[in-house]
Amino acid sequence: QEGQPMLFGMPLKYVSLLTLAVQNAALSVVMHYSRVSTPPSLSYSPATAVLLNEIIKGSISFVIAFLRTSSNPPTSPSARRFATNFANASWFSRLRFLLAEIFAPDCVKLSIPAILYVIQNSLQFVAISNLPVASFQVAYQMKILTTAAFSVALLGKRLTNTKWMALFFLALGVGIVQIQTSTGSSASVPRDVVGSAAAAAPNGHVMNPLKGFAAVTAACFTSGLAGVYFEMVLKNSKADLWIRNVQLSLFSLIPALVPIIYAPKPTIPSPVPPSFFGDLFKNFGGWAWATVMIQVFGGLVTALVIKYSDNIMKGFATSLSIIISFLASVILFNFKLTPSFMLGSTTVLVATWMYNQPSVVPPTPAVTISSG
Ligand code: C5P
């Protein structure tokens with residue numbers, strides 16, 4: 001597309017969509033493993049992971065936003081008073097400009113998606129601790145439908161018949177893949193990584209699929225609403241994406257801190273003296289850090305996808321991640337490709353191609369960068 005930023009000779013839109021697909025596949029495997037590979041008594045706190053995710057993501061966004069101040073004209077009047085010529089401004093005036101931009105009155109708009117994302121990120125931990133990876137990933141695809149519904153309702157987006165049909169085929173493809181998952185042809189796969197039926201792992205971790213499905217369904221709704229709301233804020237204002245990300249992380253800190261502050265205190269005092277951070281980093285090992293870092297990366301790529309593409313396309317990218325994680329299972333876990341898997345994944349690919357066909361419906365004024 002004309003005017004689209006490029007990376008490695010490819011439009012950033014496609015690079016970010018592909019990256020997101022790979023990131024999603026990696027996240028579900030690593031996150032699931034980080035939760036079920038230890039007995040419950042040795043598991044880490046998801047609340048800490050959610051909080052760390054926001055702190056790290058917010059800090060990275062802040063640094064990027066700061067580096068961009070020299071090329072980015074300020075949009076809010078409160079920020080404009082700090083410097084006129086940003087190319088030659090001192091770092092101190094650039095910092096003051098950035099802070100004024102971050103705390104501009106319209107930052108409150110980000111409070112809604114911030115709260116929704118914290119709820120979603122917490123629900124994701126519940127879901128992935130109680131469902132096998134494949135079932136989780138397939139069920140999480142329902143967010144494509146919730147996102148489409150919220151895009152139509154809130155952004156006034158109009159979908160052509162082809163796009164509605166693409167959504168239908170996507171649901172169909174996901175359903176076919178799910179049949180493959182639930183019929184247990186993943187028997188050759190280690191059960192606690194990509195396996196089918198939920199059961200108690202040898203280490204005592206018990207999965208509760210009903211709880212998992214309830215959490216994943218709720219997460220689909222928050223995902224659709226938060227994503228569309230963020231898109232609305234981003235595309236209806238001139239503020240820089242990275243400044244919006246900092247605002248999003250700042251507002252997330254409040255709901256992310258609540259479960260940590262109100263966490264029940266252990267009744268039996270630990271023989272080890274409490275550290276400066278208390279129980280915050282208890283059992284927080286390599287897999288927990290890997291989960292957080294993949295999540296941080298995913299959050300940043302998600303923001304790029306929402307800016308340069310749109311939320312519905314983001315859904316299609318993540319549905320491709322089902323295929324990537326299944327293919328990874330073939331290589332890593334000797335997973336057998338069945339005809340139903342091939343049919344389901346081909347349907348998903350065709351649906352993605354169909355959705356990406358040029359639209360004949362003119363874009364609505366609210367959406368300036370369309371997916372088509
Ligand atoms: O599943 P879904 O694509 O809705 O997940 C979005 C994820 O991306 C959430 O974890 C959310 O915290 C993150 N995100 C972000 N920054 C944005 C938008 C989303 O970190 N600007």
Side-chain angles (χ1 to χ4, degrees), residues 16-17 19-28 30-31 46 49-62 64-65 102 107 109-128 136-151 215-235 237 239-253 255-256 291-322:
S16 56
L17 283 168
T19 313
L20 192 65
V22 177
Q23 179 274 342
N24 258 257
L27 179 64
S28 50
V30 173
M31 196 189 228
V50 171
L51 179 68
L52 278 178
N53 177 18
E54 294 305 337
I55 294 175
I56 301 172
K57 208 167 54 186
S59 310
I60 295 175
S61 300
F62 185 88
I64 299 176
I102 289 170
C107 73
K109 285 184 194 164
L110 276 299
S111 57
I112 292 175
I115 294 169
L116 289 169
Y117 275 138
V118 169
I119 296 173
Q120 179 187 340
N121 290 343
S122 310
L123 285 169
Q124 210 178 344
F125 274 99
V126 178
I128 205 121
F136 165 78
Q137 274 207 315
V138 174
Y140 211 22
Q141 301 314 307
M142 280 188 294
K143 69 184 170 185
I144 298 174
L145 298 178
T146 56
T147 304
F150 284 119
S151 297
V216 87
T217 307
C220 287
F221 277 92
T222 55
S223 165
L225 185 54
V228 169
Y229 204 100
F230 184 72
E231 185 175 343
M232 203 161 68
V233 173
L234 210 60
K235 292 181 179 174
S237 70
D240 188 50
L241 167 71
W242 302 102
I243 290 174
R244 291 299 188 207
N245 271 351
V246 176
Q247 294 169 331
L248 194 67
S249 286
L250 281 177
F251 277 108
S252 301
L253 293 182
T291 302
V292 170
M293 294 320 290
I294 299 175
Q295 250 184 330
V296 166
F297 181 65
L300 298 174
V301 181
T302 299
L304 284 172
V305 167
I306 295 178
K307 180 162 169 75
Y308 294 110
S309 185
D310 71 23
N311 268 294
I312 305 181
M313 271 316 293
K314 172 170 74 67
F316 281 94
T318 52
S319 75
L320 288 183
S321 71
I322 297 182

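Whatever order the structure lists ligands and atoms in, that order sets their numbers, starting from 1. Computation of the quantities below employed the complete heavy-atom set of this structure, encompassing side-chain atoms and omitting hydrogens, waters and symmetry-equivalent molecules.
For the atom pair Met232 CE and Lys109 NZ, the distance stands at 9.0 Å (nearest 0.5 Å). A distance of 5.0 Å separates CG of Leu300 from CH2 of Trp242, quoted to the nearest 0.5 Å. Separation of atoms OG (Ser223) and CD (Gln120) is listed at 4.5 Å; rounding is to 0.5 Å.
Closest non-hydrogen pair, Val228 versus Asn311, comes out as N-ND2, 3.5 Å. Nearest heavy atom pair, residue Lys314 against residue Leu20, reads CG-CD2, 3.5 Å. The shortest heavy-atom contact between Ser61 and Asn245 is OG-CB, 3.3 Å.
For atom 9 (C) of ligand 1, the closest non-hydrogen atom of the protein is Asn121 OD1, 3.4 Å. Looking from atom 4 (O) of ligand 1 to the surrounding protein, the closest heavy atom is Ser223 OG, 2.6 Å. Nearest non-hydrogen protein atom to atom 17 (C) of ligand 1 is Leu248 CD2, 3.5 Å. At the shortest separation from atom 2 (P) of ligand 1 among protein heavy atoms lies Gln120 NE2, 3.4 Å. Looking from atom 13 (C) of ligand 1 to the surrounding protein, the closest heavy atom is Gly299 CA, 3.7 Å. From the protein, the heavy atom lying nearest to atom 11 (C) of ligand 1 is Tyr117 CD2, 3.4 Å. The protein atom (non-hydrogen) at minimum distance from atom 1 (O) of ligand 1 is Lys143 NZ, 2.5 Å.
Residue-environment remark: CZ (Phe221) stays at or below the threshold of 12 foreign heavy atoms within 6.0 Å.
Proximity to Phe230 (heavy-atom distance under 4.0 Å) selects the following atoms of ligand 1: 21 (N).
At a 4.0 Å heavy-atom cut-off, ligand 1 touches Lys314 through the side chain alone. For Asn245, every heavy-atom contact with ligand 1 shorter than 4.0 Å involves the side chain, none the backbone. Here Lys57 has side-chain heavy atoms under 4.0 Å from ligand 1, and that is the only part of it that gets that close.
If you run side-chain contact (heavy atoms from CB on, under 4.5 Å) between Phe230 and each of Leu225, Ile112, Leu116, Leu248, only Leu248 comes through.
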